[in-house]
There are 2 protein chains.
Amino acid sequence: MSQILRQQIEKITPLTDKEFEYILSHFTFKKLKKHQFLIQENDTVQNDHFVVKGLLKAYYVNHEGKEHIMQFAMEDWWVTDYQAYFNQTVATLNIDCLEPTEVLCLSIHNREKLCADMHKIEHSFRKKSNLGYVALQRRILSLLNSNAKERYEQLLQQYPTLFQRVPKTLIASYLGVSRETLSRLSS
Amino acid sequence: MSQILRQQIEKITPLTDKEFEYILSHFTFKKLKKHQFLIQENDTVQNDHFVVKGLLKAYYVNHEGKEHIMQFAMEDWWVTDYQAYFNQTVATLNIDCLEPTEVLCLSIHNREKLCADMHKIEHSFRKKSNLGYVALQRRILSLLNSNAKERYEQLLQQYPTLFQRVPKTLIASYLGVSRETLSRLSS
DNA sequence: TTTTTTTTGTGATATAAATCACACTAGGAA
DNA sequence: TTCCTAGTGTGATTTATATCACAAAAAAAA
């Protein structure tokens, strides 16, 4: 079950069984129902979460009550309110489950402990973070450079499986388009 | 002169003189004139660059010849085409100098060597990358959630010094607004 | 099954922002 | 100094997209 986590780390650096066991001992397991919140605005953010199974959305709700999706997270993805998690402040994002979900939770304390104890794992986290940075840059470029239709097509190409699991309304909210406009585009 | 680099690293982790000397030996120094390119589209990207002095813009030019600024970089900032740098592919961005500029260059090979040799420096790079990730998330949220005027005001608040050094035309290009619209906003 | 909620499509209208066009200004270069 | 280019402001018009409104379809709940 947690093999999916091991596989992810081992894409960057190989581990012995002992090492992985040690790493895993720093995580806790959490099971959530559909519609259940992982994090709500103003919560203190204890954990980063590795998705073992399921699908979540992390989103910001503005003063008009409008949602904007920061990220989706499915199997093999990490999700939390990173601003709050890294700076140990209060959440500005909400994260809830679009499907029944299972996650492995890593507190900031355990994360830092792991990184201090095991150079390997710090290496792996650095690499992951670098890739994440590049992915966000791509998204920014897409927002700056492309119109609604182009952004839709780019997303469709990048994450084709997402479209079978997520309603269009939410895709629209991720792309920064109204659902009506998105509906007109795909036809 | 390179003390500015040391200061940045030491915000995360203290260094001995020896350690810093060792780190610095992995960098090369480069001096550029105004309008000179640090990276051009289709270049192979050898280095990440720490700005010691000056100001640069990293931007994407689309098929219509329109520029979109991915980031500015001034003193104490890092800049390169990260997608190309980390994946050792060819640049899609251009980076050039808005002012006479001095940078310290770190090849990907030396970066990885430093990180492998010195757990401390890998730690520092991980932390930096995490902060960068959060900053990009904020920018995405700003693009999704705010109109031109709000984005302008957010930027003004976040980087007030930038506005004294960069023409409004470029601010517009960073914000994803036409220069005419930006001009009408600020009045 | 029936009922209720969520998701989607589509018309009509409003609006923010882009584009085109031109003129004015200021700072560097000759 | 004079020229020239980069930067800026502003009007007129167009365009992409948001918003409002309603109905149909699909999915979930009872």
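Here is how names work: the chains are called A, B, and so on, in the same order as the sequence lines, proteins then strands, and each is numbered from 1.
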Novice: Are the side chain of A:Gln36 and the backbone N or O of A:Lys33 linked by a donor-acceptor pair below 3.5 Å?
Specialist: yes
Novice: Nearest whole Å is fine: how far is C:dG27 P from B:Lys34 NZ?
Specialist: 12 Å
Novice: In this structure, how many angstroms lie between the P atom of D:dT10 and the CG atom of B:Leu182, rounded?
Specialist: 13 Å
Novice: Would you mind telling me which of C:dA17, C:dT8, D:dG11 lies closest to the side-chain atoms of A:Pro167?
Specialist: C:dT8
Novice: Could you give the CG-to-C1' distance, from A:Leu98 to D:dA28, as a whole number of Å?
Specialist: 15 Å
Novice: If you check every side-chain atom of A:Arg184, which of C:dA12, C:dA18, D:dT10 has the closest atom?
Specialist: C:dA12
Novice: Taking atom C1' of C:dT7 as reference, at what distance in whole Å does atom CZ of A:Arg179 sit?
Specialist: 8 Å
Novice: Looking at D:dA30, which nucleotide sits across from it as a Watson-Crick or G-U wobble partner, both distances under 3.5 angstrom, or is there none?
Specialist: C:dT1
Novice: Just say parallel, tilted or perpendicular for the rings of A:Tyr59 and A:Phe37, cut-offs at 30° and 60°.
Specialist: tilted
Novice: Let's see if you can work this out: which of D:dA21, C:dA18, D:dT19 has an atom nearest to the side-chain heavy atoms of A:Ser178?
Specialist: D:dT19
Novice: Assign each of A:Asn147 and A:Glu180 to its nearest nucleotide of DNA chain D by heavy atoms, then name whichever residue's nucleotide is nearer the 5' end.
Specialist: A:Asn147
Novice: Without decimals, in angstroms, what is the distance between B:Lys57 NZ and D:dG7 C1'?
Specialist: 13 Å
Novice: Rounded to the Å, how far apart are A:Arg165 CZ and C:dT7 P?
Specialist: 16 Å
Novice: Scan residues 59-74 of chain A against DNA chain C and write down, sorted by residue number, each residue with any heavy atom closer than 4.0 Å; if none is found, say none.
Specialist: none
Novice: When you measure from the side-chain N and O atoms of B:Thr181 to the phosphate of C:dA18, is any distance below 4.0 Å, counting only OP1 and OP2?
Specialist: yes
Novice: Do NZ/NE/NH1/NH2 and the carboxylate oxygens of B:Asp17 and B:Arg6 come within less than 4.0 Å?
Specialist: yes
Novice: In whole Å, what is the span from the CD atom of B:Glu150 to the P atom of C:dA16?
Specialist: 11 Å
Novice: Nearest to the side chain of A:Thr169, which nucleotide is it out of D:dT19, C:dT7, C:dA17?
Specialist: C:dT7
Novice: What I want to find out is whether B:Lys127 reaches A:Glu112 closely enough, with some N-O distance under 4.0 Å, to be called a salt bridge.
Specialist: yes
Novice: Please determine if A:Arg126 and B:Glu122 form a salt bridge, counting it only when a charged side-chain N lies under 4.0 Å from a carboxylate O.
Specialist: yes
Novice: Provide, to the nearest angstrom, the distance between the NZ atom belonging to B:Lys168 and the C1' atom belonging to D:dA6.
Specialist: 15 Å
Novice: Could A:Lys53 and A:Glu75 be called an ion pair, given the rule that one side-chain N must be under 4.0 Å from one carboxylate O?
Specialist: no
Novice: Distance alone, cut at 3.5 Å: any donor-acceptor contact between the side chains of B:Asp76 and B:Gln8?
Specialist: yes
